[in-house]
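What follows is a short report on a single structure.
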Amino acid sequence: MTTELTNDSLAKAYDPSAVEGTWFERWKAWGVFDADPARNPERPIYHVPMPPPNVTGSLHMGHAMFCTLQDSLVRYHRMRGFETLYQPGTDHAGIATQTVVERQLAREGKTRHDLGREAFLERVWAWKAESGGRIEEQLRVLGTSAAWSRAKFTMDADMSHAVRTAFVKLWDEGLIYRATRLVHWDPVQMTSLSDLEVDFEDGAAGELFSFAYKIEGSEDEIVVATTRPETMLGDTGVAIHPEDERYTHLHGKYVIHPFNGRRIPIVCDAVLVDPKFGTGAVKVTPAHDFNDFATGKRHGLEEINIFTLDGKVNEIGGKFAGLDRFVARKEIKKALDEAGLARGAQKHALRLPKSSRSGAVVEPMISTQWYVKMKGMADQALDFVRSGQTQILPETWQKTYEHFLDNIQDWCISRQLWWGHRIPAWHGPNGEVRVSMERPAECGEGWTEDPDVLDTWFSSALWPFSTLGWPDKNPWLERFYPASDLETGYDILFFWVARMMMFGGHFMGKPPFKRILLHGLIVDETGEKMSKVKGNVIDPLDLVYGASFADVVKKTMPGAAEAEALAKFKKAYPSVGQLGTGFPAFGTDAVRYALATYPPSNTRIALAPKRIEGYRFFLNKIWNATRFSLDIIGDAPVNFALTKEPRLQLSKWILAKLDATVGAVHEGFGAFRIDEAANALYRFFWYDFCDWYLELTKPILRDAAFSDADRDETRAVLATVVEASLRLIHPLAPFATEELWQRVPKADTSPVCCALARYPELGDYVHDAQAEKTFDLVREVITAARAIRTEHEVHPAATMPLTLRSESADVRALLVHNDWAVRFLVKCEGSATVGGPEVARPPASSLRIVASQQGTVEVLVSLKGLVTPEKEKARFEREKKRIEKDIAAVEKKLGSPNFTDRAPKEVVEEAHEQLRSLKEAMVRLLASANLTEEL
RNA sequence: GGGCGGGUAGCUCAGCGGUAGAGCGCUGGCCUUACAAGCCGGAUGUCGCAGGUUCGAAACCUGUCCCGCCUACCA
């Protein structure tokens with residue numbers, strides 16, 4: 001397979017579609033994705049559980065983000081020899097999936113109740129079968145090197161078994177209980193919600209409506225205010241502050257409900273009532289408000305439920321019965337007004353609680369639900385992090401994690417849905433409850449199975465070990481628990497991560513992972529959250545394969561007018577205007593690379609398509625540099641041993657830079673700063689390797705002045721650097737690097753593919769910081785000479801004499817040794833004249849000073865006839881100013897009384913060195929001042 | 001109300017005690033036989049504001065103004 005590849009020549013330009021098609025299947029065939037608990041027990045493990053996406057969902061940028069980061073980490077560790085398990089899977093996503101199917105039914109004019117539970121579930125499974133494979137397919141497009149053969153679905157039989165086991169265990173331990181209390185109720189989905197599933201819409205326009213209750217047996221009244229007038233049907237108390245003198249006379253009195261005549265006590269409550277707010281009197285509806293519920297408990301008030309489960313007024317409401325809660329609101333206001341009890345209304349901004357899934361306004365409702373006691377598990381989960389057994393990165397999230405667990409509430413785990421894990425409980429005729437894995441034999445006639453299902457997050461909380469076969473003891477669980485890293489978006493830190501930490505600790509006795517890595521939320525280019533309403537959603541596959549903007553918005557805002565949708569889209573992504581009429585096919589590698597360069601500390605990641613383009617250009621650069629290198633290396637065997645002790649300074653320099661880059665990359669991956677690793681590689685490959693090394697191989701290969709030994713060494717260095725770079729970049733851009741790696745010569749007996757090749761380690765190449773600096777000075781000299789040329793508008797093809805002066809013999813030797821490089825890149829006439837300060841300045845020359853720790857170099861370019869005195873004078877002044885400024889800064893530092901005592905030695909020394917070289921530079925510059933006259 | 005984070009080049013962001021950085025954008029010049037998806041140059045910042053600590057602050061402290069996010073019971 002590979003030999004046939006090495007024979008065909010590389011296309012002139014990088015084309016992602018040509019390289020991204022086949023590798024996935026090959027990697028699979030080569031066993032890249034496989035983990036094996038029995039293989040080589042000496043190897044350290046690296047296990048990352050993938051956050052299971054909603055099985056019926058489709059790919060969005062969040063998935064692309066986590067795949068990029070996780071897969072990069074996974075490939076990095078795999079190449080470093082870890083026994084690597086990237087555990088994939090999908091989630092049944094209870095409410096979300098049920099909602100989708102119910103909407104389908106609604107289009108047929110049916111509800112789930114028309115079908116009945118069994119038929120409805122069949123329908124959901126059918127939908128899952130139809131759409132369920134898609135998300136996994138899409139994840140593969142991103143190159144995700146997960147153990148696909150082990151993919152799990154949270155409703156699989158084994159996952160289900162784990163869920164029931166966990167439930168029964170918690171029940172037996174007394175950690176699960178049933179309770180009747182106020183819960184967040186979604187009247188549209190008709191289910192309870194955990195407090196995490198409620199979003200608050202800030203600043204919703206509402207009104208504070210005031211009305212009067214008449215005091216029993218008098219014409220006196222007390223005025224209360226509410227944002228939800230309809231709840232007055234369930235009022236069972238009016239609370240005042242015990243010390244509020246306005247109401248002292250009402251202590252112990254009752255008011256009469258205007259619609260049903262209910263006697264309602266006036267109670268004194270200092271907790272609920274703020275005497276300064278409104279009238280200082282509060283209506284109390286224990287059955288429909290969390291504060292009132294607590295108040296009711298304090299005073300023994302009746303709890304009267306006035307709503308049906310779908311949010312209509314129930315029979316208690318009398319003439320209002322059957323009205324939807326929002327209709328009832330209007331009617332009640334009207335009725336109060338007609339009764340002469342309305343006391344006006346004022347605008348009031350309120351926080352409207354909404355279901356994060358259905359968007360329905362959440363109604364607090366009394367009901368009986370199942371709960372998990374969290375305190376003990378939370379304390380343990382807290383301890384895992386505080387003791388350092390589990391590390392959270394970026395560290396800033398640790399506080400958030402702790403704050404949540406410190407204030408943990410018991411978790412309402414029952415949902416009145418059909419799609420999900422059914423609670424394994426049976427209710428007897430006399431209210432008995434049995435919890436068991438299967439229907440207990442004694443629960444026959446008269447016993448009914450609990451109708452509720454579990455919160456989806458209950459099964460996900462078991463994910464790091466249920467996927468390994470828990471509760472059965474087996475080699476996978478032994479070898480791969482705890483996992484190494486858990487990487488996900490910070491938005492599910494509470495929902496998922498904290499709960500895995502709690503369940504992992506409880507069921508396994510150990511935290512489920514060593515590190516928790518969190519990334520931000522991908523938003524549009526202007527920082528707005530992606531949403532269909534805003535029309536700013538981007539499908540990652542459109543970036544990979546390319547798509548016209550017209551097609552993009554057609555998907556984003558189905559049914560909307562194209563012009564309008566396009567306008568919204570372009571507003572959200574100002575940079576796309578520069579991309580023409582659509583996204584070009586950036587390819588997976590470019591999308592991944594771009595996403596990898598955002599630091600994880602960014603809570604919001606503003607997606608700029610233009611930036612992805614930049615990384616596609618980078619891949620093209622890699623492609624062409626490899627192509628060029630292959631051309632130079634040729635077919636003759638490469639003697640890699642020559643790179644161990646290189647003769648050329650240039651060889652040593654690039655190998656040392658490579659080594660430094662290897663270090664930076666490991667640091668980046670190690671600290672979850674993949675962006676740093678990605679940037680280090682980008683800079684090395686483009687700015688060091690391509691711009692300098694590759695350019696300089698040209699004279700080596702072509703000029704007769706170089707020996708065959710030089711050429712052999714250069715071919716070896718070239719092969720080494722290219723091959724190492726491809727391996728280094730592979731975790732970030734797996735496809736292009738694999739394609740190229742297959743074709744480059746390799747030093748050792750290499751494995752079948754780059755994905756399984758050994759990752760470069762520090763010290764593999766020349767480890768020599770000095771070697772880096774040495775040639776860096778040559779580089780600066782060349783840059784200075786080029787700058788002079790450009791400044792004086794010398795045509796790039798023209799040659800001109802160059803003189804380099806330095807007091808340092810070492811520097812002069814360096815310049816002479818690398819004269820060939822200077823000559824080639826500056827395009828000077830013959831060799832540069834290298835000498836000490838005694839060497840005469842060429843007439844009509846322009847000067848630049850390069851100051852370095854090794855010594856100062858005067859770069860003199862003769863420009864006879866090309867430069868005017870005015871221009872040179874201006875340049876001289878600029879140069880002088882620049883150096884003066886630098887000198888002043890360093891002098892100020894060194895001049896201060898105890899800088900030398902307090903600052904670290906290296907810093908002081910460095911400052912001295914700096915000043916010395918700057919002063920030397922100034923002397924040189926000033927010496928040239930009068931020479932401008934010669935021009 | 002409480003908590004957390006952020007305000008640095010036109011944009012997106014690094015830097016978090018030692019003379020302001022990157023990518024993109026802008027700009028001048030080059031089709032130099034790997035790459036014009038390129039090459040060689042250039043410009044650009046009172047580092048939100050005000051105090052303080054320090055020899056030295058974009059970085060540390062205090063206050064202040066904006067902006068996000070999370071969290072909470074103001075009817």
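Everything numeric here is computed off the predicted structure, so don't read it as measured data.
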Quick one: label [X] by what it contacts on the DNA or RNA (base, sugar-phosphate, nothing), any heavy atom closer than 4.0 Å.
X: A608(A); result: nothing
X: T396(A); result: sugar-phosphate
X: R789(A); result: nothing
X: T279(A); result: nothing
X: K621(A); result: base

Nucleotide opposite [N] in a Watson-Crick or G-U pair, distances under 3.5 Å:
N: rA20(B); answer: none
N: rA14(B); answer: none
N: rA9(B); answer: none
N: rC60(B); answer: rG52(B)
N: rC47(B); answer: none
N: rG1(B); answer: rU71(B)

Does [N] have OP1 or OP2 under 4.0 Å away from a side-chain N or O of [X]?
X: R673(A); N: rG15(B); result: yes
X: Y573(A); N: rC24(B); result: no
X: K529(A); N: rC69(B); result: no
X: T626(A); N: rA34(B); result: no

Has the side chain of T285(A) got a donor or acceptor atom that lies under 3.5 Å from a matching backbone atom of A287(A)?
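No: the side chain of T285(A) does not pair with the backbone of A287(A).
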Any carboxylate oxygen within less than 4.0 angstrom of a Lys/Arg side-chain nitrogen, looking at D703(A) and K698(A)?
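Not counted as a salt bridge, because no side-chain N and carboxylate O are separated by less than 4.0 Å.
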Among the candidates [options], find the nucleotide nearest to the side-chain atoms of [X].
X: T790(A); options: rG38(B), rC40(B), rA75(B); answer: rC40(B)
X: K399(A); options: rA37(B), rC39(B), rC4(B); answer: rC4(B)
X: P599(A); options: rA14(B), rG29(B), rG5(B); answer: rA14(B)

Give a yes or no on whether a donor-acceptor pair under 3.5 Å exists between the nucleobase atoms of rA34(B), that is its base, and the side chain of E695(A).
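Yes, the side chain and the base share a sub-3.5 Å donor-acceptor pair.
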pair V271(A)-T295(A): side-chain heavy atoms closer than 4.5 Å
no
Just checking, K621(A) and F689(A): is the charged tip under 6.0 Å from the six-membered ring centre and within 45° of the axis?
no
What integer number of Å spans the P atoms of rC67(B) and rU27(B)?
34 Å
Quiz question: by atom type and distance under 3.5 Å, do the side chains of H299(A) and D269(A) form a donor-acceptor pair?
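Distance-only check passes for H299(A) and D269(A).
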